Q: 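My questions all concern the structure below.
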There are 2 protein chains.
Amino acid sequence: MDLTPRQAEILAFIRRHCVEHGLPPTRAEIVTAFDFRSPTAADDHLRALARKGAIELRPGVSRGIRVLEPEDPPEAANDGVPLVGRVAAGLPMLATESVEGWYKLDRRMFAAEPDFLLRVQGWSMRDAGILPGDLLAVQRRATARNGEIVVARIGDEVTVKRFERRGDLVRLLAANPDFAPIRIDLSREELVIEGRVVGLVRNGGFGIS
Amino acid sequence: MDLTPRQAEILAFIRRHCVEHGLPPTRAEIVTAFDFRSPTAADDHLRALARKGAIELRPGVSRGIRVLEPEDPPEAANDGVPLVGRVAAGLPMLATESVEGWYKLDRRMFAAEPDFLLRVQGWSMRDAGILPGDLLAVQRRATARNGEIVVARIGDEVTVKRFERRGDLVRLLAANPDFAPIRIDLSREELVIEGRVVGLVRNGGFGIS
DNA sequence: TCGAATACTGTATGTGCATACAGTTATTCG
DNA sequence: CGAATAACTGTATGCACATACAGTATTCGA
């Protein structure tokens, strides 16, 4: 549900108050800021905002207001790369819907500078040491060379495979005998290369709870 | 003026509280967190912190605590973590002889904060997706829990294995059927745990020249 | 035309919280 | 040694705040 203009004003005030004073406002402070005559006016707005999921209210706690979506964009500037989780069908790779977070990477750590991180799903690259849950550092590229591991899109599906091309015939090879190669005839079918894998980061699977 | 260890603890708690709950703590909440018996204990610390310029107190305002230096050091002091290559026989893990470089890591990317990176040699952990040339993010720890993947030293050799202990018998398990488990009887032999693996970074093996 | 929101006014009530006052026990320092 | 500081215990007091109850006016979709 969308916020009314007035509710958006209140929410903006709460955000501003948090930044300027380091803590959320009280009902009374909202009353003063908007020149209300009753604390209930402020309280009504808070309840409306909470009902619509914009804030969280903690009963009995002074200043117990928490803004749930801190900012519109996570920080437009380029101080990190986005982590892309499940890619929603039909959407571009970096659609905000799919971005789970932003991470700063030391680019020297990878073979080339990555543009985003992609979470691996499935076991198809198991024998290349790429396991489900791993994060792949991906560099955006529309083309690929033989032998590179690429992020490709076939129809609505995003897949990670080793790239092999002979003339017009492309083969996307899994690194797992349980998965058959995918063959694409470029003269008849379309293949979109989203990028090439330049690094891998793993943060689970080491037996740590 | 410098903070006492106790004051630093209080300050750390205030910071953590702000991040986790979105607002500063009350005196009572500090009392609960530190198991004090009197609100004055919390208040004394707040006044000391304010006097030393670490925080700002706003009289008469509930939760009127503002941390003046939001970050510890914004990014300074932390040059990153060292990359340890081949560990020279007999030398401590982090001897300068073995350090090949320093890398800055986004610590949120791993299960726990790593202290150094170690380059993997050999195929013994192949089936855990840990391949030769990979960099393991290692947290220094003298002890380990069952199931954790650890960096251990046996005599002069450093090895990475999965840790299993039953009483005095420790088994270091490879993730590759070609490698037999290493058995150590703690009552007769010594086993030094150098740390536990909390993450993995790979920068090669993707077919990029 | 009637209910359901939105957007308020006005008054109360009780507790969440900051804060003052009075001590105690170590530790440090000139 | 005596004074200052750190690190507390224990008890009070009263404003700061969240919150309930009772209305009013306006808009808007069914």
Side-chain angles (χ1 to χ4, degrees), chain A residues 1-69, chain B residues 1-70 72:
Chain A
M1 201 191 289
D2 238 18
L3 300 184
T4 67
R6 195 57 162 162
Q7 287 164 2
E9 271 188 80
I10 304 278
L11 183 60
F13 169 76
I14 296 171
R15 268 202 254 262
R16 201 170 64 242
H17 195 282
C18 287
V19 171
E20 285 175 8
H21 299 96
L23 36 64
T26 63
R27 271 72 170 167
E29 283 161 355
I30 297 175
V31 163
T32 304
F34 288 85
D35 204 32
F36 291 153
R37 302 296 185 82
S38 163
T40 308
D43 201 60
D44 281 355
H45 277 118
L46 292 179
R47 284 165 198 272
L49 286 169
R51 184 162 35 79
K52 293 182 176 180
I55 63 172
E56 193 181 282
L57 288 176
R58 306 178 53 197
V61 173
S62 73
R63 303 175 186 274
I65 304 170
R66 160 176 251 168
V67 178
L68 290 179
E69 297 152 59
Chain B
M1 199 192 288
D2 238 18
L3 300 184
T4 68
R6 195 57 162 164
Q7 286 164 2
E9 271 187 79
I10 304 278
L11 183 60
F13 169 75
I14 296 170
R15 268 202 254 261
R16 201 170 64 243
H17 195 282
C18 287
V19 171
E20 286 176 7
H21 299 96
L23 35 65
T26 63
R27 272 73 169 167
E29 283 161 355
I30 298 175
V31 163
T32 303
F34 288 85
D35 205 32
F36 291 152
R37 302 297 187 80
S38 163
T40 309
D43 201 59
D44 281 355
H45 277 117
L46 291 179
R47 284 164 197 274
L49 286 169
R51 184 163 33 80
K52 293 181 177 181
I55 62 173
E56 192 181 283
L57 288 176
R58 305 176 57 195
V61 172
S62 75
R63 303 176 188 274
I65 305 169
R66 161 176 250 168
V67 179
L68 290 180
E69 297 153 61
D72 349 20

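Just so you know, these numbers come straight off a predicted model, no measurement behind them. By convention in this document, chain letters (A, B, ...) are assigned in the order of the sequence lines, proteins followed by strands, and residues within each chain are numbered from 1.
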Q: Rounded to whole Å, how long is the line connecting atom CG of B:Leu49 with atom C1' of D:dT5?
A: 14 Å
Q: If I take atom CZ in residue B:Phe34 and atom C1' in nucleotide D:dT9, what distance separates them, rounded to the nearest angstrom?
A: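 It works out to 17 Å between those atoms.
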Q: Looking only at side-chain atoms of A:Phe36, point me to the closest of D:dA18, D:dT9, C:dC8.
A: C:dC8
Q: Quick one: pull up CD1 in B:Ile10 and NE2 in B:His45 and give me the separation to the nearest 0.5 Å.
A: 4.5 Å
Q: Start with the C-alpha gap between B:Glu9 and B:Phe13, add the side-chain angles, then the distance that decides, and say whether side chain to side chain contact (heavy atoms under 4.5 Å, CB included) holds.
A: CA-CA 6 Å; B:Glu9 271 187 79; B:Phe13 169 75; over 6 Å; no
Q: Measure the distance from CG on A:Leu46 to C1' on D:dA18 and round it to the nearest whole Å.
A: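 Value for this atom pair: 10 Å.
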Q: Measure from the side chain of B:Arg37, starting at C-beta and using heavy atoms only, and say which of C:dT6, D:dT9, C:dA18 lies closest.
A: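 When the side chain of B:Arg37 is considered, D:dT9 is the closest of C:dT6, D:dT9, C:dA18.
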Q: Would you indicate, yes or no, if C:dA26 has its OP1 or OP2 atom less than 4.0 angstrom from a side-chain nitrogen or oxygen of B:Arg6?
A: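 Indeed not, no polar side-chain atom of B:Arg6 lies that close.
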Q: Applying side chain to side chain contact (heavy atoms under 4.5 Å, CB included) to B:Leu49 and B:Ile65, what does each step give before you reach the verdict?
A: CA-CA 10 Å; B:Leu49 286 169; B:Ile65 305 169; over 6 Å; no
Q: With distance as the sole criterion, do the side chain of B:Ser38 and the base of D:dG10 form a donor-acceptor contact below 3.5 Å?
A: yes
Q: Does a side-chain N or O of B:Arg27 approach OP1 or OP2 of C:dA18 to a distance below 4.0 Å, or not?
A: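 Answer yes for this pair, as a side-chain N or O of B:Arg27 is under 4.0 Å from OP1 or OP2.
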Q: Give the nucleotide from the list D:dA7, D:dA18, C:dT9 with an atom nearest to the side chain of A:Ala41.
A: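 Nearest nucleotide to the side chain: C:dT9.
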Q: Looking only at the side chain of A:Arg63 (C-beta and beyond, no hydrogens), which of the listed nucleotides C:dG10, D:dA7, D:dC17 gets closest?
A: D:dC17
Q: Please determine, for the side chain of B:Arg47, which listed nucleotide (D:dC8, C:dT19, D:dC17) has the closest atom?
A: C:dT19
Q: Between C1' on C:dA18 and CD on B:Glu29, what's the gap in Å once rounded to a whole number?
A: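 About 13 Å, once rounded to whole Å.
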Q: Would you say the side chain of A:Phe36 lies within less than 4.5 Å of the side chain of A:Arg27, judging by non-hydrogen atoms?
A: no
Q: Would you please confirm or rule out a distance under 4.0 Å between OP1 or OP2 of D:dA6 and any side-chain N or O of B:His45?
A: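 It does not, given that no N or O in the side chain of B:His45 lies less than 4.0 Å from OP1 or OP2 of D:dA6.
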Q: Is there side-chain contact between A:His21 and B:Val61, with at least one heavy-atom pair below 4.5 Å?
A: no
Q: Categorize A:Ala28 for me: base, sugar-phosphate, or nothing, with a 4.0 angstrom heavy-atom threshold over every strand shown.
A: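 Nothing: the residue A:Ala28, judged by heavy atoms under 4.0 Å, touches no strand.
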Q: Starting the side chain at C-beta, find the nucleotide from C:dT19, C:dT9, D:dC8 nearest to B:Pro39.
A: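 Closest of the options to the side chain of B:Pro39: C:dT19.
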Q: To the nearest Å, how far apart are B:Asp43 CG and D:dA12 P?
A: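 For the pair B:Asp43 CG and D:dA12 P, the rounded distance is 19 Å.
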Q: Can you tell me which nucleotide in D:dT9, C:dC17, C:dT9 comes closest to the side chain of B:Thr40?
A: D:dT9
Q: Please check the phosphate of D:dA6 (OP1 and OP2 only) for any side-chain N or O of B:Arg51 closer than 4.0 Å.
A: yes
Q: Nearest whole Å is fine: how far is D:dA18 C1' from B:Leu23 CG?
A: 14 Å
Q: With side chain to side chain contact (heavy atoms under 4.5 Å, CB included) as the test, would you mind laying out the steps for A:Val67 and A:Glu56 before giving the verdict?
A: CA-CA 6 Å; A:Val67 178; A:Glu56 193 181 282; over 6 Å; no
Q: Which one, C:dC8, D:dC8, C:dT6, comes nearest to the side chain of B:Asp44?
A: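 Between C:dC8, D:dC8, C:dT6, the one nearest the side chain of B:Asp44 would be D:dC8.
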Q: Between A:Ser62 and C:dC17, does any side-chain N or O lie under 4.0 Å from OP1 or OP2?
A: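 The answer is yes; a side-chain N or O of A:Ser62 sits under 4.0 Å from OP1 or OP2.
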